[in-house]
Amino acid sequence: MIDGSSFLLFLLAVLALFVSPGPNMAFVLSHGVSMGPRAGFAAGLGIAAADLVHTVSAATGITALVAAWPPAFDLLRYAGALYLLWLAWQALRAGAAQPKAGAETATFRRVVRSAWLNNLVNPKALLFFMVFLPQFVDPARGSVPLQLVLLGITLSLAGLVFNTALGACSGQVGRWLQRRGAAGFQRGLLAAMMAALALRLLLLDRPPIKGL
């Protein structure tokens, strides 16, 4: 089982990560502002689901195997950048009309899927889980994979709570803009944010990791 003091330190580190601006925060904010609180929550849900996949990959050693293959980092970041550019294009193509009631569920699922894929193909997120979680694991206190999974689940749930609140706040801003007929601005903002995240991935350098 994880030591209490280590777990508290882990929670503090996670909180510091959440309040620091990053791609996940930008993804949630942009979708909340452009599409409302429900889309902000959907983005947070997709990110949390991807975090669970990263957790399992780190705990089972899959992440280490992927990271050990030199081309993997570039392949992931190029795939992620192309996907983000596609999302930007889709945002620009979207019509100004409000979605019908029957399309709301489809939109929610689409945002969840987009957030999940965006996080999943982010090579920095993959390496983050491989480097960050083990710092709070003590092999003397039991199964290392189990400790990694518990830490990853905690991070994912905490991230979901934080991103839900973030999405709700940004969604209220989006509704305010919507009432003022700023649908074009909202779509443009979302497209610009997705393009900026794509550029960030393209310019990303592989961080030096000991042993890789």
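Note that these values count all heavy atoms, side chains included, but never hydrogens, waters or copies made by symmetry. Just so it is clear, the model here is predicted, and its values are computed rather than measured.
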Nearest non-hydrogen partners of [X] and [Y], listed with the distance:
| X | Y | answer |
| --- | --- | --- |
| Leu197 | Ala26 | CD2-CB, 4.2 Å |
| Asn119 | Ala125 | OD1-CB, 3.4 Å |
| Ala13 | Phe136 | CB-CZ, 4.1 Å |
| Ala43 | His31 | CB-CB, 4.5 Å |
| Ser156 | Asp51 | OG-CB, 3.2 Å |
| Ala115 | Gly46 | CB-CA, 3.9 Å |

Given side chains that start at C-beta, do those of [X] and [Y] come closer than 4.5 Å, heavy atoms only?
| X | Y | result |
| --- | --- | --- |
| Ser34 | Met193 | no |
| Asn118 | Asn122 | no |
| Thr60 | Pro145 | no |
| Phe41 | Val111 | no |
| Thr107 | Met35 | yes |
| Ile153 | Thr55 | no |
| Met25 | Leu29 | yes |
| Leu148 | Pro134 | yes |

Mind checking the [atom1]-[atom2] spacing from [X] to [Y]? Nearest 0.5 Å is all I need.
| X | Y | atom1 | atom2 | result |
| --- | --- | --- | --- | --- |
| Phe7 | Leu151 | CZ | CG | 7.0 Å |
| Leu9 | Gln135 | CG | CD | 9.0 Å |
| Thr63 | Leu127 | OG1 | CG | 8.5 Å |
| Thr164 | Leu45 | OG1 | CG | 7.5 Å |
| Leu11 | Ser6 | CG | OG | 11.0 Å |
| Leu155 | Leu133 | CG | CG | 6.5 Å |

Would you find a donor on one side and an acceptor on the other, under 3.5 Å apart, between the side chain of Gln147 and the backbone of Asp138?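 Side chain of Gln147 to backbone of Asp138: a pair is present.
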Arg77 side chain to Leu202 main-chain N or O, any donor-acceptor pair under 3.5 Å? yes
Side chains of Asn24 and Asn163: is there a donor and an acceptor less than 3.5 Å apart? no
Take Lys124 and Arg200, measure what side-chain contact (heavy atoms from CB on, under 4.5 Å) needs, and give me the verdict at the end. CA-CA 11 Å; Lys124 201 166 184 179; Arg200 174 184 176 275; 3.9 Å; yes
Shared ILVMFWY cluster between [X] and [Y], side chains joined below 4.5 angstrom?
| X | Y | result |
| --- | --- | --- |
| Val14 | Val149 | no |
| Leu166 | Leu17 | yes |
| Phe10 | Val144 | yes |
| Val53 | Tyr83 | yes |
| Leu92 | Leu82 | no |

Fit a plane to each ring of Phe162 and Phe18, take the angle between them on a 0 to 90° scale, and name the class: parallel (under 30°), tilted (30 to 60°) or perpendicular (over 60°).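 Parallel, since the angle between the ring planes stays under 30°.
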Show your reasoning for whether side-chain contact (heavy atoms from CB on, under 4.5 Å) applies to Gln90 and Trp86. CA-CA 6 Å; Gln90 291 297 309; Trp86 181 81; 3.5 Å; yes
